[in-house]
Amino acid sequence: MAEAGSVPTGSSPTDTGDTAPRGDVAIPPQPEPQELAELAAGCAEEVGKRIRTMREEGVRVAATKSSITDVVTAADREAERLLVEALTRARPEDGVLGEEGAGVIGTSGITWVLDPIDGTVNYLYDIPAYAVSVAATVADPDAFADGRRAIAGAVYNPRTGELFHAWHEGGAYLNGTPIRVVDGAERPSLAHALVGTGFGYTAERRKEQASVVAELLPQVRDIRRIGAASYDLCLLAAGRLDAYYERGLQPWDYAAGAHIAHEAGARLLGRDADTPPGEPLLVAAAPGLAEELRATIVI
Ligand code: LIP
């Protein structure tokens, strides 16, 4: 997709350098990242309340994807439709990429990356750990494995009413209150760290992931498998997890949550110093602890 012009630059989560705008490229007027964050937050909250109502009315599996346990519900599809409708009405020149198939090529340089219900299995079982994830992203080949970087994002858990949002160099917020990762003198060692993670949907991948977590478990305080990457990353941003890692995430799983964690002071790492976070591995924690955790994970 042609990315017209450049948008606010700044240190990417991996601090691999900025992409300065070129003098010969026409740069369309760009929105303030805070405006995008507020649009993302409004859409995530409105659609989140809709899917909560749909859950209360009853949910059924509409289809499966990568395996019989990788489910999609009618609510996933409806939530994505509502998000696309709201975002393209507000910003018709933007692109869209959604987990359930939404794909719009934009001309503004901004692409919305959407997970309409992150934690779909939790949603199906009515476990209060699922979220609507909305990220405004720009092209940046060095930031994440998918070649995009969020400059604004929102994650909303409709069961708890927790609305996380952040924007480029603007900080991270939970229901309007600033949040930060546990860092500095408070930062725990790996042995005292509460570490979030998750598992894929295929038996082969789960077997590999089980061996990784079996090695890690005796080296950390404890493990939490909450079931929604975007929410895991927001709990890290709020200091309710000390670290998070997962293998095989999709861009819509991490786009908003990783941005919120980064704006809250987390470092986002890939499998090694030459690989950006995302697929095959994303590690997130306060600086120092992120590197210590990555060194311990063998994938
Ligand atoms: C989920 C991720 C989670 C992972 C789950 C699942 P989904 O996304 O957010 O981190 O462990 O297996 O992939 O499928 O609920 O959108």
Side-chain angles (χ1 to χ4, degrees), residues 44 47-48 51-52 54-55 59 61-80 83 97-102 112-135 144-146 150 153-159 162 164 195-210 212-213 216 223-237 240-241 243-261 266 268 277-285 297 299:
V47 172
I51 64 166
R52 178 172 180 171
M54 293 179 76
R55 181 69 195 73
V59 168
V61 174
T64 59
K65 296 185 282 189
S66 63
S67 74
I68 58 168
T69 57
D70 185 1
V71 298
V72 60
T73 70
D76 288 272
R77 292 173 171 166
E78 173 67 359
E80 185 160 294
L83 286 172
L97 171 66
E99 178 179 17
E100 306 314 335
W112 295 92
V113 178
L114 311 174
D115 194 334
I117 303 180
D118 187 28
T120 297
V121 174
N122 287 345
Y123 182 72
L124 191 63
Y125 283 78
D126 200 19
I127 295 171
Y130 56 86
V132 178
S133 178
V134 180
F144 285 87
D146 63 300
V155 173
Y156 178 64
N157 179 333
R159 287 287 260 105
E162 292 167 309
F164 300 86
V195 179
T197 192
F199 309 114
Y201 286 111
T202 64
E204 182 185 349
R205 171 61 61 85
R206 293 168 71 80
K207 190 172 181 181
E208 295 164 0
Q209 291 171 317
V212 171
V213 76
L216 186 64
I223 292 285
R224 291 291 183 272
R225 197 280 194 258
I226 294 168
S230 60
Y231 191 52
D232 283 308
L233 286 160
C234 289
L235 294 179
L236 168 66
R240 299 188 348 225
L241 284 174
Y244 168 74
Y245 79 93
E246 189 160 348
R247 183 179 167 194
L249 291 177
Q250 298 297 324
W252 41 77
D253 292 321
Y254 63 74
H259 178 65
I260 292 164
L268 281 295
E279 173 64 7
L281 182 67
L282 181 145
V283 177
I297 295 170
I299 63 166

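Only this structure's heavy atoms are used, side chains among them; waters, hydrogens and symmetry mates stay out. Each ligand, and each atom within it, is numbered from 1 in the order the structure gives.
- Proximity of a side-chain donor or acceptor of Glu80 to a complementary backbone N or O of Ala102 within less than 3.5 Å is detected.
- Side-chain contact, Thr120 with Asp76: a donor N or O sits under 3.5 Å from an acceptor N or O.
- Taken from CZ in Phe164 to CG in Leu233, the straight-line distance is 10.5 Å, to the nearest 0.5 Å.
- Contacts of ligand 1 (protein heavy-atom distance under 4.0 Å) are Glu99, Asp115, Ile117, Asp118, Gly119, Thr120, Gly198, Phe199, Tyr201, Arg225, Gly227, Ala228, Ala229, Tyr244, Glu246, Leu249, Asp253.
- Sorted by first then second residue, the salt bridge (charged side-chain N to carboxylate O under 4.0 Å, His left out) pairs that include residues 119-130, not counting sequence neighbours, are Asp126-Arg159.
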Check: residues 195-206 side-chain donor-acceptor pairs under 3.5 Å, at least two apart:
unit_1, atom_1, unit_2, atom_2, d
Thr197, OG1, Tyr245, O, 2.7
Thr202, OG1, Arg205, N, 3.4
Arg206, NH1, Gly200, O, 2.7

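- Scanning for side-chain hydrogen bond (donor to acceptor under 3.5 Å, both in side chains) contacts around Asn122 gives an empty result, with sequence neighbours left out.
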